Amino acid sequence: MAPEAAQSLTSPEERARLVKETALRLGFETVGITDLGPVPHAGALDHWLASGMAGTMRYMHRQKKRRVDPATILQGATRAVVVSRNYYALNPPRRGGEGRVAKYARGRDYHSALSRPLKELAACVRALGPRGGVTRAYVDAGPVPERELAQRAGLGWIGKNTMLIDPARGSFFFLAAVLTSVDLAVDLPFEADRCGTCRRCLDACPTNAFPEERVLDSRRCISYLTIEHRGDTDPALQTLMDDWLFGCDICQEVCPWNVSFAREAADPQLEQDASLASLPLEPIATGSDQDLSTRFGWTAMERPGPAGLRRNARIALGNASRAESWPAS
Ligand code: B12
Ligand code: SF4
Ligand code: SF4
């Protein structure tokens with residue numbers, strides 16, 4: 001829409017409608033709008049940080065003040081447009097000598113894949129406000145408390161596994177947000193807790209990483225251990241990591257909302273590659289920095305660096321050799 005035409009949308013409701021239409025046209029599956037008031041569960045973040053559950057993710061400590069008071073992230077911003085993008089993919093059969101890769105990482109790094117559509121969305125939002133306003137796009141970068149804002153924007157509830165769950169699609173989607181000073185009508189929060197008495201995710205976690213419902217101790221989580229953790233891994237945890245090479249999907253795969261409603265993503269922008277779902281471990285355990293950067297540098301698997309990938313592959317190979325030597329039952 002031309003800037004003059006955009007300026008003619010005078011009500012917050014009209015502007016919100018146009019922003020939502022644009023988000024859907026750009027390939028996001030759901031979109032909601034919320035204000036940037038303080039998050040109601042600030043105490044949960046405090047407790048999580050104070051008890052060391054962020055592990056070595058120092059940035060979570062640095063971002064604390066802005067995460068609990070999102071109006072301070074971008075001076076002048078009063079609204080968040082929160083969007084989601086499905087990445088669900090099927091798993092191939094498990095094969096000996098190979099390691100599993102979490103679904104979200106089987107393609108182009110989503111930070112770069114979603115950057116262009118999100119910037120286009122930000123441009124649409126910006127054009128709806130007067131000159132001198134602020135509007136900025138964030139994909140999992142910066143201190144944006146994405147799940148809290150998504151729940152408040154009506155996109156779903158926060159499950160016992162800490163994931164944002166959409167009752168129509170489950171939880172295998174990315175979240176991203178545009179923060180802005182443009183006045184947009186806000187949506188109602190998603191108030192219901194649809195987990196009920198279920199606790200499948202808590203019981204299925206192989207490393208027992210949930211000390212309580214909706215609290216994840218990163219230091220025990222395979223996702224953290226294979227992606228964010230640097231250096232050696234506690235031997236007691238290594239044996240529980242099975243054949244996970246990168247990330248972990250177990251607490252989502254067992255969730256009934258995913259079992260019933262997750263649908264395969266067919267999204268050219270994510271450039272998903274099914275061959276990344278299960279990878280031979282030996283060449284990764286012995287791969288050079290250059291080999292590994294060339295093979296995986298375009299995906300989210302770039303995050304732990306070549307040394308982290310080699311470490312992960314060695315742990316998974318060690319677990320495979322132990323499994324082979326177990327007596328048949
Ligand atoms: C740090 C981080 C991690 C850490 C810690 C995860 C965690 N649960 O905290 C590690 C490395 C382990 C991780 C793993 C994964 N992550 Co991650 N991660 C993040 C990041 C950067 C911050 C999350 C955070 O704030 N943690 C701090 C804790 C305290 O926050 P929290 O658990 O979310 O709890 C808050 C609320 O739940 C709330 N709360 C607490 N109790 C209650 C109760 C009620 C009723 C309500 C309403 C709210 C509430 O209070 C807390 C404080 O705000 C976000 C992106 C972002 N910018 O926010 C992505 C993000 C959460 N991760 C994501 C993904 C995809 C994953 C993995 C699936 C990747 C994988 N396959 O390996 C796993 C899933 C593991 C899991 N069960 O969470 C997605 C989740 C999308 C979704 N549908 O929810 C995000 C949003 C990234 C994105 N842009 O898409 N992640
Ligand atoms: S991602 Fe895996 S290890 Fe982490 S909490 Fe979920 S099931 Fe447990
Ligand atoms: S598995 Fe059950 S308890 Fe866990 S998030 Fe899904 S519905 Fe909630």
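Treat the numbers as computed from the prediction; the structure is a model and nothing was measured. Atoms within a ligand are numbered from 1 in the order they appear, just like the ligands themselves.
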Counting heavy atoms only, which part of [X] comes closer than 4.0 Å to ligand 1: side chain, backbone, both or neither?
| X | value |
| --- | --- |
| F172 | neither |
| R67 | side chain |
| C201 | neither |

For [atom], tell me which residue out of [options] has the closest non-hydrogen atom.
| atom | options | answer |
| --- | --- | --- |
| atom 56 (C) of ligand 1 | E146, E212, Q252, Q151 | E146 |
| atom 4 (C) of ligand 1 | E228, M57, H47 | M57 |
| atom 90 (O) of ligand 1 | L175, L114, V101, V68 | L175 |
| atom 7 (C) of ligand 1 | R147, H229, M53, R303 | R147 |
| atom 32 (O) of ligand 1 | D217, L216, T162 | T162 |
| atom 10 (C) of ligand 1 | P40, A44, S223, G142 | S223 |
| atom 3 (S) of ligand 3 | C205, C198, C251 | C198 |

Identity and distance of the protein heavy atom lying nearest [atom]:
| atom | result |
| --- | --- |
| atom 54 (C) of ligand 1 | D140 OD1, 3.7 Å |
| atom 42 (C) of ligand 1 | H41 CD2, 3.7 Å |
| atom 5 (C) of ligand 1 | S218 OG, 3.6 Å |
| atom 4 (Fe) of ligand 2 | C221 SG, 2.4 Å |
| atom 79 (C) of ligand 1 | M163 CE, 4.7 Å |
| atom 8 (Fe) of ligand 3 | C195 SG, 2.3 Å |
| atom 2 (Fe) of ligand 2 | C248 SG, 2.3 Å |
| atom 77 (N) of ligand 1 | N161 O, 2.9 Å |
| atom 84 (O) of ligand 1 | L164 N, 2.8 Å |
| atom 24 (C) of ligand 1 | M60 CE, 3.6 Å |
| atom 35 (C) of ligand 1 | E148 OE2, 3.9 Å |

Does some non-hydrogen atom of the protein lie less than 4.0 angstrom from [atom]?
| atom | answer |
| --- | --- |
| atom 52 (C) of ligand 1 | yes |
| atom 62 (N) of ligand 1 | no |
| atom 71 (N) of ligand 1 | yes |

Quick one: which ligand 2 atoms are inside 4.0 Å of a heavy atom on [X]?
| X | answer |
| --- | --- |
| I250 | 7 (S) |
| T207 | 3 (S) |
| F210 | 5 (S) |
| L216 | 5 (S) |
| I222 | 3 (S), 4 (Fe) |

Does the pair D46 and K64 meet the rule for a salt bridge (charged side-chain N to carboxylate O under 4.0 Å, His left out), with working shown? CA-CA 8 Å; D46 271 345; K64 179 181 139 183; 2.9 Å; yes

Could you say whether the N/O atoms of S171 and ligand 1 ever approach to under 3.5 Å?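 Yes.
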
Looking at [X], which atoms of ligand 3 are within less than 4.0 Å of one of its heavy atoms?
| X | value |
| --- | --- |
| C201 | 1 (S), 3 (S), 4 (Fe), 5 (S) |
| N161 | 5 (S) |
| C255 | 1 (S), 6 (Fe), 7 (S) |
| W257 | 7 (S) |

Working for salt bridge (charged side-chain N to carboxylate O under 4.0 Å, His left out), residues E213 and R199: CA-CA 8 Å; E213 294 172 2; R199 46 173 292 123; 5.1 Å; no

Under 3.5 Å: donor-acceptor pair, side chain of [X], backbone of [Y]:
| X | Y | answer |
| --- | --- | --- |
| D187 | I33 | yes |
| R214 | I158 | yes |
| R219 | A54 | no |
| S181 | V134 | yes |

Report the C-alpha separation of D234 and R220 in whole Å, then their side-chain angles, then the decisive distance to 0.1 Å, and conclude whether the salt bridge (charged side-chain N to carboxylate O under 4.0 Å, His left out) test is met. CA-CA 9 Å; D234 177 352; R220 298 190 67 83; over 6 Å; no

From the options Y87, F28, Y88, select the one residue that forms a ring-ring contact (aromatic ring centres under 6.0 Å, His included) with F174. Y87

Do R17 and E21 meet the salt-bridge criterion of a basic N to acidic O distance under 4.0 Å? yes

Salt-bridge test for D289 and R310: reply yes if a basic N is under 4.0 Å from a carboxylate O, no otherwise. yes

With respect to E29, which candidate in R263, R85, R169 satisfies the salt bridge (Lys or Arg N to Asp or Glu O under 4.0 Å) definition? R169

Check each heavy atom of I165 against ligand 3 and say whether those closer than 4.0 Å belong to the side chain, the backbone, both or neither. side chain

Nearest heavy atoms of [X] and [Y], plus distance in Å:
| X | Y | value |
| --- | --- | --- |
| L309 | I284 | O-CG2, 3.8 Å |
| P304 | A300 | CD-O, 4.5 Å |
| N319 | M241 | ND2-C, 3.8 Å |

Is [X] near ligand 1, meaning one of its heavy atoms is under 4.0 Å from it?
| X | value |
| --- | --- |
| W244 | no |
| A176 | no |
| V144 | yes |

pair D109-T299: side-chain heavy atoms closer than 4.5 Å: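 No, every pair of side-chain atoms sits at 4.5 Å or beyond.
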
Are side-chain heavy atoms of E148 and L45 found at a separation under 4.5 Å? no

Within the 4.0 Å heavy-atom cut-off, what D249 brings close to ligand 2 is neither

